[in-house]
Amino acid sequence: STGIVAATPFPAEYDREYVAPVSLGTPAQELNLIFDTGSSDLWVFSTSMPAAQVAGQKLYNPSGSSTSAVLWGHTWSIQYGDGSRSSGTVVNELVTIGGISYASQALEIANGVSAQFSQDPASSGLLGLGFSILNTVIPTSQKTWFDNVLPTLAAPVFTVDLKRAAPGTYTFGAIDASSYAGKIEYTPIDNSNGFWRLQASGYQVGTSPFQPTTIDAIADTGTTLLMLPAAIVKAYYAQVPGSQLHASYGAYTFPCSAKLPSFTFGIGRYRGVIPGAFVSYGRIDATTCYGGIQDQGNLPFSIFGDILMKAQVVVFDAGRTRIGFAAK
Ligand SMILES: O=C(CNCCc1c[nH]c2ccccc12)Nc1scc(-c2ccccc2)c1C(=O)NCc1ccccc1
């Protein structure tokens with residue numbers, strides 16, 4: 001089987017996150033979830049959450065579904081690097097994405113979420129597309145929806161085609177040859193830590209010469225920005241007049257009037273180009289904008305987040321433990 005769903009960015013002014021529709025239970029309850037290659041829990045806002053933590057999100061109601069079955073004694077709790085977190089209990093439920101169903105998916109029901117999620121009306125939860133080793137359910141960890149449907153897919157892949165300020169697609173079981181230009185360049189991934197972790201071959205700022213250097217990164221649709229080693233970030237903003245490492249934000253900002261250079265990453269001999277306009281993450285005041293490229297700090301790897309993803313078609317190939325990039 002193959003399936004395709006729209007990936008819609010929110011909020012409209014800048015692409016903080018991308019959500020896609022997921023059908024839960026019988027009769028179907030459709031929720032918009034963040035598809036996240038950087039984590040491996042499928043969790044949703046539910047009717048067992050305090051009203052104070054809900055602000056317009058659609059809620060999953062297990063008792064409204066004839067196919068939900070409590071996974072007794074199982075709980076989950078997850079914390080992300082931005083400090084956001086959620087936790088709750090687990091049911092087995094029918095979960096359908098783009099027409100592809102799995103009848104007894106571990107569906108993690110939130111009974112509490114942090115403010116970052118409560119105050120985000122666009123998303124009713126997350127669908128993890130990382131490797132199942134990252135799943136937080138105890139006492140027995142659970143498999144992701146993608147892991148569960150893998151044997152039924154026409155090909156053991158999913159393709160991510162995000163767009164700037166416009167709906168893109170997540171495709172399961174196929175690669176849409178009309179969605180990209182040229183060839184897909186593949187590179188092996190190391191999934192031992194549960195991430196889609198790759199080694200890029202270097203970078204280039206604008207039209208400056210390409211700098212060969214190994215960049216150890218994860219491909220993460222759940223992280224908004226492109227987070228890189230300090231030296232690379234410094235080299236990038238050195239070409240942006242008026243940019244600064246803003247003391248109060250602890251992040252690079254620049255004058256919104258600045259013309260941003262493109263950022264190119266290498267995969268072997270392949271060069272992936274992120275247009276300068278994609279590197280502006282959003283306005284923080286009348287004249288100042290927030291950079292889409294930021295320092296990875298003391299993280300042991302870089303994060304190729306949405307800022308990079310939306311400039312490429314990315315093929316997550318679980319069958320051959322590799323990831324592919326192509327221009328659009
Ligand atoms: O967790 C994920 C993927 N799920 C994100 C779900 C999510 C959590 N709030 C969200 C808000 C919107 C959409 C999705 C999410 N990726 C990874 S790997 C390493 C780090 C990390 C560790 C330490 C320090 C920094 C990063 C993160 C991280 O925290 N990214 C989120 C983020 C988000 C914003 C800013 C920084 C990092």
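Start at 1 and go down the list; that is how both ligands and their atoms are numbered.
- Note on residues 51-76: pairs passing ring pair (Phe, Tyr, Trp, His ring centres under 6.0 Å), not counting sequence neighbours, are Trp43-Trp76.
- The side-chain hydrogen bond (donor to acceptor under 3.5 Å, both in side chains) analysis of residues 225-245, with sequence neighbours excluded, yields the pairs Ser208-Gln239.
- If you check the side chains of Ser65 and Glu93, you find a donor sitting under 3.5 Å from an acceptor.
- With sequence neighbours left out, the ring-ring contact (aromatic ring centres under 6.0 Å, His included) criterion links Tyr14 to Tyr281.
- No side-chain heavy atom of Leu33 sits less than 4.5 Å from a side-chain heavy atom of Leu126.
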Please tabulate, line by line, the atom pairs linking an N/O of ligand 1 to a protein N/O at a distance below 3.5 Å, with the distance in Å to 0.1, or answer 'none'.
from	atom 1	to	atom 2	distance (Å)
ligand 1	4 (N)	Asp36	OD1	3.4
ligand 1	4 (N)	Asp36	OD2	2.5
ligand 1	9 (N)	Asp82	OD2	2.8
ligand 1	9 (N)	Ser84	OG	3.3
ligand 1	16 (N)	Asp220	OD2	2.6
ligand 1	16 (N)	Thr223	OG1	3.4
ligand 1	29 (O)	Gly81	N	2.6
ligand 1	30 (N)	Thr223	OG1	2.8

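- Results of the side-chain hydrogen bond (donor to acceptor under 3.5 Å, both in side chains) test with Arg16 over Asp120, Thr224, Asp306 single out Asp120 as the only residue that passes.
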